Each structure stands twice: as structure tokens, then as C-alpha cells.
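Input: a single structure, listed below in C-alpha cells.
The residues of the chain are indexed from 1 along the displayed sequence. None of the values given here were measured: they were computed from a predicted structure. Just so it is clear, the values below take in all heavy atoms, side chains as well, and ignore hydrogens, waters and symmetry mates.
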Amino acid sequence: MKSRIIVNPMANKGGCGRRWPQIRAELEKHLGPLDDDDIATTSAPNHATLLAREAVDAGYRRLISVGGDGTFSEMMNGVIADDRPIVDDLVLAQLPGGTSNELCRSFGQISFEAASKAIAMGHTRDIDVFRAEARGYGGNQVTRYGFVLAIVGAAATISWRAQRVPLLKRLGPFSYILMTAFTSLTYNPHDYRIRIDDEAEQRLPMWSLMLCSFDGAGEGLMLAPGADPGDRKFDLIMVGDIGHWETLTKIVPRLGDGSYLAHPKVSRRHATRITIDSDQMVRADVDGESIGRLPMSVTMLPFHLKVAAAGRI
């Protein structure tokens, strides 16, 4: 199968670019020699989306993302239009070159060797895709397709703060630890209007809301243990009206193993469609990228994408 490799040299604080010769050698060990024409390098945010669309138009049917979940998500957004894949016979793959590599982690492909072998073997798994629509920071309507999670509230604020300060971005996963602690001590729960599937609208105070397709997200986070990324359902997790100190001591330390779910102010259920709004300014995030603010609607789409995966969750 003809492959286009999309490399984000800035992933993992530039570490992906520095390690690209090693990554390429590992990939060629399993796929054979790669032509330079089969390799495309991103040069700006969302460039992978354009490169993926161009690759499909040029006849490529296997697209390999070299970077983290953000790079894979950008690539994926380039092959979906009007809530459908632009062609039917696509296979997507991830080589773990970023700070967060949830796709590879979930399928046990956390090394370049394991991920390259999985691609070469030709085995695939089906994963869900969802559509998120929110209000952009400029007031425009933003539509984004995602595969890992959509978050609002404190969790989205943590992600936004960790990425917007250059110094913090250079700290990698540690930046999220710092911002999680700071946000826990300063962020107050907001009042939300939320509609789940066809149920009546609810009005709830919440610290954060997370729609998870995979069980993990980011470095060392286990947000929804046991979540199935191919069941066409979200694991909807709502962290309710909780105080600063309780958040810092009872929620944050337990995000790594999922035990925070046992807290009486945390709920978990399945859903396929969510709309959420607030009278306050609340940030929205998809797959680790801040897309704007509420109101937001998130819908699980009725198709799967095939991804290279030799193992099982």
C-alpha cells in the first residue's frame, strides 16, 4: 500500500524533528526504502490537515502521522468532509513522536519499532470519530473532528494555559502538572445547561465535563478506564460542584489511575450526543487543542476509521 508520511518536526518540543532520522530508519526497516516524495513536513499549525487532503488526492491510501495526538488529529481532519471519510479505503497510522501518543499507547505500540511493525503487518482496528462544533474565539463557528476526547471547563482551561505560554510548552508534560495544580486552586465551578442524547435539558454546576473515546489522554492520565474507542459511544464524565482544596487533594492525584471516578461528585455514563452551554465564558477543547468556547455540541458519527494496530486494548 502506498504510504504518505506526514512529519511534525515541532512535536514533543522539537524532539520529533531531532529524532526523525532514527524514526525514518526504523520505519524503513519494516516498510522498505522511502522516497523523499512520500514524506511531507508540517510547517505551521493545521498544516497536516492540508497535507493529508493533498495526499489522498494524489492517490495515497495509507497516511502515517509522525508526531503526537494533535498531529494525528490534524491529519484525520484532512480526510473527513461532511461527516464522512472522503474515500472509503483509507488506513491511518501514528508513530509516537509527540508528548501524548494515545493511539499508540492504547494499542501497545509505544516504541517506534512496535508502531512500525504494526504498520507493516497491515492489521487494523476501527476507531470512532466525533464532530465538535463550538464558538471560535473570534465569534465564528468552529467545526472539528476528534478521536480521543472533547472537554470543557477546568480541564480545557488547563490545556489552554499549558500551551499558550512558550516557557511552559518547553516543559512538556510537566507544564500540565503545574497548570493542573494552579487551576485546581483558582477555578470555580460554572453553571451549565446540558442536554444528553434525547433527554430533557439539565442545569448543573460543574468543575469540568469530559467526553472520552479512549481510556487515557495525555501523559499519565487515565480518565475513563475501560473505555472502548470503537463502540460508537462516549464515556461522559462530569466532575460536579467541587471546591478548590478538594479538587487538588481528591481529584487531581487520582487522575493517573482513574480512581477519581469513585468520588461522590463525579459521575460517568455513556452518551452519543451532547449539547452544552453556559452564561459564563467556558473554554472548549478537542484532542488537546483549544477550539473556542461554549456553546458546544459534540456528536458521535456513524462510521469508523481504520488505524494500523497489531495489538488490542
Exercise. Just how far is it from atom CH2 of W207 to atom NE2 of H244, taken to the nearest 0.5 Å?
Worked result: 10.0 Å

Exercise. Is a salt bridge present between D241 and K265, judged by a nitrogen-to-oxygen distance below 4.0 Å?
Worked result: no

Exercise. Do we see a donor-acceptor contact under 3.5 Å between the side chains of D69 and Q94?
Worked result: yes

For this session: With the side chain counted from C-beta on, respond yes when F112 and L27 share a heavy-atom pair under 4.5 Å apart, and no when they do not.
Result: no

For this session: Look only at the side chain of Y137 and the backbone of G292, and say whether a donor-acceptor pair between them is shorter than 3.5 Å.
Result: yes

Exercise. Which distance, rounded to the nearest 0.5 Å, do you find between the CD1 of I276 and the CD1 of I194?
Worked result: 4.5 Å

Exercise. Without hydrogens or angle criteria, can the side chains of S3 and D38 be said to hold a donor-acceptor pair below 3.5 Å?
Worked result: no

Exercise. Between D36 and R24, is there a side-chain N and carboxylate O pair less than 4.0 Å apart?
Worked result: yes

Exercise. Would R144 and D285 count as a salt bridge (Lys or Arg N to Asp or Glu O under 4.0 Å) if you check the C-alpha gap in whole Å, the side-chain angles of each, and the deciding distance to 0.1 Å?
Worked result: CA-CA 10 Å; R144 182 82 175 182; D285 183 290; over 6 Å; no

For this session: Salt-bridge test for D279 and R193: reply yes if a basic N is under 4.0 Å from a carboxylate O, no otherwise.
Result: yes

Exercise. Backbone N or O of A284 within a donor-acceptor pair of the R293 side chain at under 3.5 Å?
Worked result: no

Exercise. Side chain of D197, backbone of E199: donor and acceptor closer than 3.5 Å?
Worked result: no

Exercise. So does I86 have more than 12 non-hydrogen atoms from other groups sitting under 6.0 Å from CD1?
Worked result: yes

For this session: Return the minimal non-hydrogen interatomic distance between I110 and P96, and the atom names on each side.
Result: O-CG, 3.8 Å

Problem set entry | Atom CE of M300: over 12 foreign heavy atoms under 6.0 Å | yes

Problem set entry | Cationic N near anionic O, under 4.0 Å, K233 to D128 | no

Exercise. Between H304 (side chain) and G230 (backbone), is there a donor-acceptor pair under 3.5 Å?
Worked result: yes

Exercise. Does any N or O in the side chain of S278 come within less than 3.5 Å of the main-chain N or O of D191, such that one atom is a donor and the other an acceptor?
Worked result: yes

For this session: Count the heavy atoms of every other residue, nucleotide or ligand shown that sit under 6.0 Å from CG of D89, and state whether that count exceeds 12.
Result: yes

For this session: Give a yes or no on whether the backbone of G258 and the side-chain of R254 come within a donor-acceptor separation of less than 3.5 Å.
Result: no

Exercise. Does any N or O in the side chain of R62 come within less than 3.5 Å of the main-chain N or O of I119, such that one atom is a donor and the other an acceptor?
Worked result: yes

Problem set entry | Within 6.0 angstrom of Y187 OH, more than 12 heavy atoms from elsewhere | yes

For this session: Ignoring hydrogens and angles, tell me if any N or O in the side chain of Y260 forms a donor-acceptor pair with the backbone of M222 under 3.5 Å.
Result: no

Problem set entry | D287 side chain vs G146 backbone, donor-acceptor pair below 3.5 Å | no

Problem set entry | Under-4.0 Å salt bridge between D126 and R232 | no

Problem set entry | Heavy-atom closest contact (G108 atom, A114 atom, distance) | O-CB, 4.3 Å

For this session: Drop me the distance from L185's CG to T180's OG1, to the nearest 0.5 angstrom.
Result: 11.0 Å

Exercise. Counting only N and O atoms by type, is there a donor-acceptor contact under 3.5 Å from the side chain of T41 to the main-chain atoms of V7?
Worked result: no

